[in-house]
Structures are given as C-alpha cells and as structure tokens.
Asker: 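After the structure tokens below, expect a handful of questions from me.
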Amino acid sequence: MACNGLCKTREIIMKKIYLNILALLFISGCSENIEVEYDVEFPQKKTYEWRLVTAWPKNYPGLGMAPERIANLVEEMSDGQMKITVYGAGEQVPAFGVFDAVSSGSHQMGHSGGYFWKGKAPAAQFFTGVPFGLTADEINAWTNRGGGLELWREVYAPFNIYPIPAGNTGTQMFGWFNKEINSLDDIKGLKMRIPGIGGEVLKRAGGIPVTLPGGELFTALQTGVIDATEWVGPYNDLTFGFQQAAKYYYYPGWHEPGSMLELLINQDEWNALPKHLKVIIETAAKAVNQDILDEYTARNNKALRELVDVHGVELRKLPDDVIAEFKVIATDILEENAAKDETVSKVYQSYKKFKEEVSAYHKVSEDAFVEARND
Ligand code: CA
C-alpha cells in the first residue's frame with residue numbers, strides 16, 4: 001500500500017521511539033542482543049522553483065550577473081531544493097515593471113535598483129544612493145550595521161516586498177557627453193539620461209533629465225534623442241559601446257557615489273519559506289553584494305585604459321564650480337523632499353547622521369591615506 005503523509009509521520013514517530021529505546025539500552029548498560037530491523041523512507045523535502053525578473057539585460061556583466069550568481073549559490077547551497085530562474089529585462093516584464101511584479105506576487109523575486117521606484121516610494125532612493133552621499137563601503141555599513149536595513153524593510157513593507165542588499169557598482173562616472181561642459185551654462189537645455197535625485201539636480205540646474213532603461217541608451221545617444229547619458233562606469237559602459245556614440249567621458253559620478261542593488265522578494269513567499277532557505281538566500285545575497293563590488297573594482301580600471309588608449313575617448317573632470325553648484329542643489333532637494341514626506345524624513349535623518357559621522361572618520365583614515373598614497 002502506498003504510504004500517505006499520515007503514514008510517513010507515523011514512521012518518523014516510530015523511528016524516534018526506536019532510537020529512544022536504543023539510547024535507553026545504551027545508558028542502562030544493557031548487554032542483551034536485541035535486533036530490530038527498521039527501514040524507513042524520509043519524506044521528500046518540498047522543492048521551490050522561483051522566477052526572478054530583473055531590470056538589466058540578461059547576463060549583463062557586473063550588476064546583471066548578481067541575480068545569476070545568487071540563483072546559482074542558492075541552488076548549490078540548498079542542494080537543489082530551491083531553483084531560481086533569472087529573466088532579463090523585457091523577457092517577462094519590462095525593466096521598470098520589476099517592483100510591481102514582485103509586489104503583486106506574479107514573480108517571487110526581482111533584482112533592480114531602489115531609485116527606479118521613487119514614484120512609488122520616494123525614500124527608496126536612499127537604498128541605492130543619493131548625490132554626494134555614501135560610498136559603497138559606507139552604504140553597506142549603514143545598511144547592515146547602522147539601521148538602514150530595518151528602515152528599508154519598513155519602506156517596502158506596504159508593497160509586500162522584502163528587500164536584501166545584492167550588489168554594488170562602486171563610485172560611478174558622470175557619463176558620456178557629445179559636448180563639453182565648461183560651465184553651468186553648458187548644463188542648460190542638456191537632455192541627459194540620469195535617474196533618481198541626480199536627475200532632479202540636473203533639472204534644477206537647467207537640464208532636462210530623462211529616465212530610460214540601460215538597453216535603450218546607446219541608440220538614444222547615437223541618434224541624438226539625448227545629448228548625454230550616465231550609466232555605470234568604464235567596465236559596463238565599454239560593453240554598451242558608448243565610446244562609439246559620444247566623445248567626452250566625464251567624472252566624478254557625484255550623483256551615484258556607491259549604488260547598491262537590491263534583491264526583492266515577495267513578502268508572502270518569503271514568509272512561507274523554511275528558515276534554512278531564508279538563511280541561504282540572505283547568505284548568498286551577502287556574498288554576491290561584495291562579489292559584484294570586487295568585480296567592478298577589478299575591471300573598471302582596465303576598461304578605462306582601453307576606452308582612453310584604444311578608443312580615443314576624452315576623459316574630462318567636471319569643473320569644480322559645476323560640482324559645487326550641483327552639491328548645493330542636491331542638499332536643497334534632499335532637505336525639501338524630507339520636509340514633504342514623513343518616511344523620507346525618517347530615512348534621510350538616519351542616512352545624513354551616518355554620513356556625517358563616517359565622513360569625519362574617513363577624513364582621517366581612508367581619505368587621508370589615499371591622498372598620501374596617490375600624491
Ligand atoms: Ca548610473
């Protein structure tokens with residue numbers, strides 16, 4: 001007779017009883033030779049097959065590989081109990097449909113950047129990064145050890161989403177331009193793809209910010225639909241071929257000092273997972289969060305040399321007075337946004353306090369050291 005669930009439970013109980021008898025015999029020093037034949041099949045572990053949608057092209061180097069690596073690690077660490085299939089932007093949902101897909105539960109998981117969702121949750125931007133904000137190490141520290149993660153989960157809770165940090169690009173570049181930026185006047189009327197608060201800063205400085213997914217940027221730049229675009233940094237920008245569509249490559253990436261990526265999980269699906277799978281997912285994401293940053297740090301410098309030496313790209317520093325003005329505007333916008341929204345204010349206060357404290361320390365540690373080393 002086939003053994004149903006109840007029968008399996010009974011077998012497990014019987015096995016426990018048998019083991020207890022053996023233990024008692026051992027403890028009591030009983031030397032009687034008792035033979036008990038026992039054969040039991042353990043119930044099969046429930047398996048999970050999840051779908052993960054991303055805001056990135058499939059297998060895109062760096063950030064696009066974060067969900068792939070998480071999926072591989074989870075499958076290996078769970079010994080196949082959990083299998084996650086990763087879909088690139090547009091395969092199942094558009095790049096900017098990831099948040100809604102996870103929120104609604106049509107997909108269990110997503111991978112993206114929080115600042116894409118500023119229209120839904122304005123405070124989400126802090127969990128990617130804000131202009132003149134925290135670097136990669138600093139945002140990791142704020143998130144994991146400074147109260148940021150708790151705030152992030154509070155911000156996403158109304159959307160039924162459980163977020164986990166999952167990758168970081170490091171400090172980005174300001175981006176690709178077809179005209180020189182010599183003063184603030186050159187920003188006026190500039191149509192640039194730049195998301196998040198960086199876009200708001202550009203707008204207040206007289207520019208026209210545009211939000212487009214990565215896959216559309218090359219064509220938009222080449223055809224003149226936009227005058228400029230930021231994307232990530234040399235490693236990623238080289239793969240998109242921006243060097244064929246724009247002449248100047250400007251730094252620093254004041255708008256994205258250390259952008260953190262996010263693994264999104266539908267809260268109901270997360271709640272229903274056994275604890276060990278939750279630990280596996282959190283651990284895999286934590287490993288990949290660091291791994292992606294390491295990859296960027298290792299590859300960016302090589303890619304920059306190739307862009308300049310092989311492709312003849314003109315590397316330019318944004319004029320100091322333009323950076324200074326962007327900084328003033330960015331601070332104004334952050335303060336104004338905080339005054340308009342209680343949740344934004346709560347997150348901003350935490351972020352700001354952490355930034356002030358960590359900046360003061362880094363001034364006499366990392367910043368001072370790097371200055372001394374590079375001089
Ligand atoms: Ca960017």
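Just follow the structure's listing: the first ligand is 1, and inside any ligand the first atom is 1.
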Asker: Donor-acceptor pair, distance only, cut-off 3.5 Å: does the side chain of N300 make one with the backbone of Y296?
Answerer: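 Yes: the side chain of N300 pairs with the backbone of Y296.
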Asker: Quick one: does any side-chain atom of N266 pair with a main-chain N or O of V102 as donor and acceptor, under 3.5 Å?
Answerer: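 Checked: pair present.
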Asker: Return the orientation label for the Y162 and W270 ring planes: parallel under 30°, perpendicular over 60°, tilted otherwise.
Answerer: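 It falls in the parallel class, under 30°.
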Asker: My understanding is that only one of K353, Q125, E335 makes a side chain to side chain donor-acceptor pair (under 3.5 Å) with Y348; could you say which?
Answerer: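 So, applying the side chain to side chain donor-acceptor pair (under 3.5 Å) to Y348 and each of K353, Q125, E335, only E335 qualifies.
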Asker: What's the atom name of the N, O or S in E230 nearest to the Ca ion (ligand 1)?
Answerer: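 Of all N, O or S atoms belonging to E230, OE1 is the one nearest the Ca ion (ligand 1).
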Asker: Would you say S259 reaches the Ca ion (ligand 1) with an N/O/S atom under 3.0 Å?
Answerer: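 For S259, the answer is no, given that no N, O or S atom comes within less than 3.0 Å of the Ca ion (ligand 1).
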Asker: Among the N, O or S atoms that E256 has, which is closest to the Ca ion (ligand 1)?
Answerer: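 Within E256, restricted to N, O or S, the Ca ion (ligand 1) is closest to atom OE2.
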Asker: Would you say the Ca ion (ligand 1) has W231 as a near neighbour, meaning an N/O/S atom of that residue under 3.0 Å away?
Answerer: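 It does: W231 brings an N, O or S atom closer than 3.0 Å to the Ca ion (ligand 1).
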